[in-house]
Amino acid sequence: MDIFVRRGDTLWYYSQLFHMNLQLIIDSNRGLQPNQLSAGQRVRIPGFVAQDYRIRQGDTLWAIAHSWNLQLDVLLLANPGINPNQLYIGQAIRVPLRITWRLVQGKQHYDYSRMMRDISRLETVYPFIRVSGIGNSVLGNEIPEVLIGNGTKRVHYNASFHANEWITTPVLMTFLNDYLLSLTNQTALRGLATNRLYQQTTLSTVPMVNPDGVSLVLNGPPATEPWRSRVVEFNKGSTDFSGWKANIRGVDLNDQFPARWEDERARNPKVPGPRDYGGERPLSEPEAIAMAELTRRRDYARVLAFHTQGEEIYWGYENMEPPVSETMVNEFSRVSGYRPVKTIESWAGYKDWFIQDWRRPGFTVELGRGVNPLPLTQFDEIYQKALGIFLAGLYL
Ligand SMILES: [Zn+2]
């Protein structure tokens, strides 16, 4: 919520008043010089919303503050110009309310538009996060990246490279929401004080790498030609897209990376289809290009790509992974119960390319168990296991 600076106020005073980590307030107001506030300037306080309240018989500001567990000055700040001695019945005031609940409801049909709405709600309530587009899908959907944290350790998580593995998106979005709640309310997550993670790491997430594919699986073929007919053709005439992993051009985005791409192509289909076709050349698809460019720009210390299914974690590539990858995967396994798998007969994936080009830890995490798309009845269990991995990816 927004407040307006009075003479003599400081961000440090606001952090005391709202019981909010000072760094989160500073990062929520990036245009502001923290030591040079001037009266009338707008300051955003993260993790709060302003709730409307109407004055009733017998109310005093002090009593209202007390009953909402707020300091009196919070109410004065939120209601500039109010005269506490001349309240009248029916008068509208704003009462700041600390947000302690999730904005993201992940256990549902979670498509691109829902994700975009949730990201913009998170951005409004938690302005210390940074959101930007990393590129557009074939159908022109902007692919968002969400950044949280101030640290030098750059960690990357992505989800929904594969269309029918879309449940990975609400799982990751739920984690972002829980991390933000834990930061603003200074509550531990799995016993972990997250403010340290915020200071030490910068978490970059791309919660939906393949928005067109996810839309196809969840909402059916696009409204416009030629894609409407083409996807049915790629799908061998079937209108059941539950087996679809690729982007809208029938290219498997996780077979697009220049890491033994030719070997992967040799064992895979040579024409567009629901899965495993790696395109005519590496990085031919805009979604894969966007991920490659982002990865080069950000220079991550480690990456985790979330897929379904199998409850396994792939951590090797051609013995190019650093020794610490094994230490890390053992911790991921400990906190999730998932099985570490060093290598499989598969190349040209995002994590393969990352390990090959950076020689840093890269992982493919296969969430859940069953037939894709995994049913939402698994959501809570998947989230509980994934949460350990999300946190370990930051604290390790
Ligand atoms: Zn996958």
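For ligands, and for the atoms within them, numbers begin at 1 and follow the listed sequence. Positions are given from 1 along the sequence.
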* Do you see a donor-acceptor pair shorter than 3.5 Å between the side chains of N247 and E287? ->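 Looking only at side-chain atoms, E287 and N247 do form a donor-acceptor pair, the distance falling under 3.5 Å.
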* Any chance the side chains of N268 and E264 put a donor and an acceptor closer than 3.5 Å? ->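 Side-chain D/A pair, N268 to E264: present.
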* Asked: Taking the six-membered ring for Trp, are Y383 and F175 ring centroids under 6.0 Å apart?
  ->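 No: the rings miss the under 6.0 Å criterion.
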I'd like the atom name of the N/O/S atom in [X] lying closest to the Zn ion (ligand 1).
X	value
H307	ND1
H162	ND1
E165	OE1

* Asked: Does anything in residues 117-126 pair up under side chain to side chain donor-acceptor pair (under 3.5 Å), and if so which pairs, sequence neighbours excluded?
  ->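 Sorted result for residues 117-126: Y110-D118.
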* Would you check if the Zn ion (ligand 1) lies under 2.8 Å from any N, O or S atom of E366? =>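 It does not; every qualifying atom lies at 2.8 Å or beyond.
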